[in-house]
Amino acid sequence: MEINVVNALTYEDFVKLFGNVVEKCPLISAAIWSHRPFKDLADLEAHVTEFIDSLPDSGKEGILRCHPDLAGRDLQSGTLTRESQEEQSQAGMNTLDSAEGLQMYRLNSEYKERFGFPFVICARLNNKADIVRQLSERLKNDRGPERERAIEEVKKICSLRLRNIVLSDIQTQT
Ligand SMILES: NC(=O)NC1=NC(=O)NC1=O
């Protein structure tokens, strides 16, 4: 999809297309629509990350809380968004054995208990061993640095989702 096609989208179509580049935070795409025309994909992505960085800590934690747990309830019940379903499956979260599932449940619970927001990682860039290792290691962080670390992961997820939309030819045929 050419960036000029993106720039010509109505507000509704823009939010429909980009509304989930940050999981369950359509407001972010709605907010950056007014910054069009975007020079290119990198410019579009920069506006999203600038918006996220401009939020106070409570706003950043609000974004984190919109993310479903890895191998959590939403995955079990099939209520993940399409993007999350694809990402979590690709990282092997849908093929954990009972011991691995229990380990993820316990680590996710401990993490949420400690930080008050869920553990977030860019699943597409990690396999299940990486995820368990990162979760165990990041549990030891202080809240502030861990919040920033988690937001960096949100940006990686967003970058891959944006790329998937803008660079996939599907949209140009619809
Ligand atoms: N808690 C999470 O990290 N969730 C997720 N990461 C992804 O890359 N997709 C998700 O659903």
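Note that ligands are numbered from 1 as they come in the structure, with each ligand's atoms numbered from 1 the same way.
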Got an N/O contact under 3.5 Å between S84 and ligand 1?
-> yes

Sub-4.0 Å heavy-atom contact, P118 with ligand 1 | no

May I ask you to check whether A123 has an N/O atom sitting below 3.5 Å from an N/O atom of ligand 1?
-> yes

So is R161 polar-close to ligand 1, meaning N/O to N/O under 3.5 Å?
-> no

Carboxylate-amine/guanidinium proximity below 4.0 Å for E146 and K140 = no

Quick one: does Q88 get an N or O within less than 3.5 Å of an N or O on ligand 1?
-> yes

Scan V21, I28, T49 and name whichever one has a side-chain contact (heavy atoms from CB on, under 4.5 Å) with C158.
-> V21

Relative to ligand 1, is P68 under 4.0 angstrom through side chain, backbone, both or neither, heavy atoms considered?
-> both

Describe, in one word, how the ring planes of H35 and H47 are oriented to each other, choosing from parallel (under 30°), tilted (30 to 60°) and perpendicular (over 60°).
-> parallel

Which atoms from ligand 1 have a heavy atom of E87 less than 4.0 Å away?
-> 7 (C), 8 (O), 9 (N), 10 (C)

Any luck finding a side-chain donor-acceptor pair between R114 and S109 under 3.5 Å?
-> no

Euclidean distance, K60 NZ relative to I52 CD1, rounded to 0.5 Å = 9.5 Å

Results of side chain to side chain contact (heavy atoms under 4.5 Å, CB included) for R36 - residues two or more places apart only = N7, W33, F38

